[in-house]
Number of protein chains: 2
Amino acid sequence: MQTETVFKALSDPNRMKILNNLCSKDCPCNVGEVACCCTVDLSVVSRHLSILKNAGIISAEKRGKEVFYHVNRKEVAALLRQTAATIEKTCCS
Amino acid sequence: MQTETVFKALSDPNRMKILNNLCSKDCPCNVGEVACCCTVDLSVVSRHLSILKNAGIISAEKRGKEVFYHVNRKEVAALLRQTAATIEKTCCS
DNA sequence: TGTATATTTGCACAATAATGCAAATGAATG
DNA sequence: CATTCATTTGCATTATTGTGCAAATATACA
């Protein structure tokens, strides 16, 4: 997981909505459920999910004809905390 | 400071270079010093600094004809940690 | 006041990214 | 094996963003 890629993935309003939506769920969601949170076409949501997945923010699991997505909570949180630590630290501290 | 704005501000390679450069310094830098880390025009760096400033990531202080920029370390770190916590937490936990 | 230096801004252009629609793919089921 | 449903992908269009150059602004200083 690369910091820059993650930030880029999170830089779009619809992707943030999608991520928030996924974060609010305890169980993985299929694309249709994810798409409820924004007004764009389902194909656009699919593409956004793909971007989030490539950034390592979410993971996909195929079950039958559906694909279930869930947030890689620990990994994303760890990356953000590590970035926080790097930013907080001056070169002398 | 808004999460989405911050992520958007951090979604460009040159702005990340600029931020890393500023983070590596203990003292505020003027635009020329900041610009060393990337090959784009000085005016472009100035614009990137403006975007980072509007996002609340850095602050500017004018001294004479120079403008010195520094990272708002604590604030940015706090925002990232808070975001990490939100992402980590499921709706039932 | 005129000149030099640091930074910002106006503007045009190039590059990237988001979007919707239609078609393609993959999988269950009659 | 045809049909249906969920998802993805190709393609064209639109919207947004990054960039460089020239000019404007702000400040110091001779």
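Residue numbers start from 1 in every chain, and the chains themselves are labelled A, B, ... in the order their sequence lines are given, proteins ahead of strands.
Residues B:Val44 and B:Val67 are members of one and the same hydrophobic cluster, defined by side-chain heavy-atom contacts under 4.5 angstrom among Ile, Leu, Val, Met, Phe, Trp and Tyr. The hydrophobic clustering, which links ILVMFWY residues whose side-chain heavy atoms are closer than 4.5 Å, places A:Val40 and A:Leu22 together. When hydrophobic clusters are built by joining Ile, Leu, Val, Met, Phe, Trp and Tyr residues whose side-chain heavy atoms come closer than 4.5 Å, directly or via intermediates, A:Leu42 is not grouped with A:Phe68.
Interatomic distance, A:Leu10 CG to A:Ile51 CD1, rounded to the nearest 0.5 Å: 11.0 Å. Rounding to the nearest 0.5 Å places CD1 of A:Ile18 at 5.0 Å from CG of A:Leu49.
Close to D:dT8, at under 4.0 Å from its OP1 or OP2, lies a side-chain N or O of A:Tyr69.
End-to-end axis angle of the helix from C:dT1-D:dA30 to C:dG30-D:dC1, using five pairs per end and rounding to 10°, comes to 10°.
In this entry the distance linking CG of A:Asp41 with C1' of D:dT8 reads 12 Å, nearest Å. Between B:Leu52 atom CG and C:dT7 atom P the separation is 16 Å, expressed in whole Å. Between the CG atom of B:Leu42 and the P atom of C:dT8 there is a distance of 8 Å, given to the nearest Å. D:dT8 atom C1' lies 11 Å from atom NZ of A:Lys53, rounded to whole Å. When the P atom of C:dA24 is taken as reference, atom CZ of A:Arg47 falls 15 Å away, rounded to whole Å.
Counting only distance, with no hydrogens or angles, the side chain of B:Glu66 and the backbone of B:Arg63 share no donor-acceptor pair below 3.5 Å.
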Report, as a single string ordered 5' to 3', how protein heavy atoms within less than 4.0 Å touch nucleotides 12-18 of chain C: B base, S sugar-phosphate only, - not at all.
-----SS

Base contacts versus sugar-phosphate-only contacts with protein, heavy atoms under 4.0 Å: please encode nucleotides 24-30 of chain D as B, S and - from 5' to 3'.
--SBS--

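Distances from the side chain of A:Glu66 to the nucleotides C:dT7, D:dA6, D:dC21 place D:dA6 closest.
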